Protein chains: 2
Amino acid sequence: MGAPSPSSKHDVFQAIADPTRRKLLSLLGDREMPVTAISGHFPMSRTAVSKHLHILADAGLVKERKVGRETRYRLDPEPLLELKRWLSYYERFWENKMAALKHYVESEDSKDTDANKTDIQ
Amino acid sequence: MGAPSPSSKHDVFQAIADPTRRKLLSLLGDREMPVTAISGHFPMSRTAVSKHLHILADAGLVKERKVGRETRYRLDPEPLLELKRWLSYYERFWENKMAALKHYVESEDSKDTDANKTDIQ
DNA sequence: TTGACATGAAACCAAATGGTGTCATATAAT
DNA sequence: ATTATATGACACCATTTGGTTTCATGTCAA
């Protein structure tokens, strides 16, 4: 029953690039919703919203479920883990930056002690 | 000293959407590099790489520094904090999902104890 | 000063993106 | 049976995107 294969031509990074799609995600986090109800929250056509939903589904960020004549969508946060993993790689960098900044601030008194080395900007 | 105002027309989400730009970020994390050296790592023209660098700079993800006739770029991870903050909002969702999954797995023996409530897909 | 190098800027192009409106179809309600 | 609702599938369009090549300019080296 596991996901057959991603095969998506849309990745998470591209999926969340659009502000409308990010808003969709936050909307669908709380509750499952059918397309028409969803599109009521956006200043664009239902068709446009539907296309965004398909892109999100393609990236695995939402799941769809047919209920009678409507298709209900809801958030699947799982692919965000990839983003989290990607981001975590950069944590050491901003930790470094914070450390450099801290060092800079703390050496306020001894200003001219090879300050250029810190290389903040 | 603080950034006067972003005024960037490119936000972080859009900046990291492109795989080339993500590769650029990882390349510039380690060391500051001039454009030509950078573009040697990519199967496209120097001009194309330069445009990607401008987009990253516009999003605040890289800083440029003129040194003689060359422009050196390096990573500035700071804007990634916005991404981290955005992501953190969704942590509760995948924690929920994991909890549901855990509950599902643990109730393997007592299978028919209102299983539908968990709503796993 | 003459030439080589590093880069940015501009003009251009194909494809992707984000929208629109119309139509067909499946389901629900009268 | 007929009508209304919910949606997907299309065809279409303007703008953005990601790439190209060419040219101008500033800097370093001989």
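Just so we're clear, the structure is a prediction, and the values are computed from it rather than from any experiment. So that the names make sense, note that chain A is the first sequence line, chain B the second, and so on, each numbered from 1.
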*Quick one: which of dT7(D), dG19(C), dT20(D) gets closest to the side chain of P34(A)?*
dT7(D)
*Can you figure out which of dG19(D), dG19(C), dG8(C) approaches the side chain of Y73(B) most closely?*
dG8(C)
Once you round it to whole Å, what is the distance between [atom2] of [N] and [atom1] of [X]?
X	N	atom1	atom2	answer
D18(A)	dG18(C)	CG	P	5 Å
E64(A)	dA6(D)	CD	P	17 Å
E70(A)	dT25(C)	CD	C1'	16 Å
R22(A)	dG18(C)	CZ	P	11 Å
R65(A)	dT7(D)	CZ	C1'	16 Å
H54(B)	dG18(D)	NE2	C1'	14 Å

*Any idea how W86(A) and Y90(A) line up, ring-wise: parallel (<30°), tilted (30 to 60°), or perpendicular (>60°)?*
tilted
*If you take atom types as modelled and just measure distance, does the side chain of R69(A) reach the base of dG8(D) with a donor-acceptor pair under 3.5 Å?*
no
Would you say [X] reaches [N]'s phosphate, i.e. side-chain N/O to OP1/OP2 under 4.0 Å?
X	N	value
Q14(B)	dT17(D)	yes
R46(A)	dG8(D)	no
H52(A)	dT17(C)	no
S45(B)	dT20(D)	yes
T47(B)	dG19(D)	no
T71(A)	dA6(D)	no
H10(A)	dA16(C)	no

*So which one's nearest nucleotide on DNA chain C is more toward 5', I55(A) or T36(B)?*
T36(B)
_Is the terminal nitrogen or CZ of R85(B) (NZ for Lys, CZ for Arg) located under 6.0 angstrom from the six-membered ring centre of Y89(B) and within 45° of that ring's axis?_
no
_Could you tell me if K63(B) sits above the aromatic ring of Y73(B), with its cationic atom closer than 6.0 Å to the ring centre and no more than 45 degrees from the axis?_
no
*Which atoms form the tightest heavy-atom contact between A57(A) and E64(A), and what is the distance?*
CB-OE2, 4.2 Å
*So, the side chain of R22(A) versus the backbone of I16(A): is there a donor-acceptor pair under 3.5 Å, distance only?*
yes
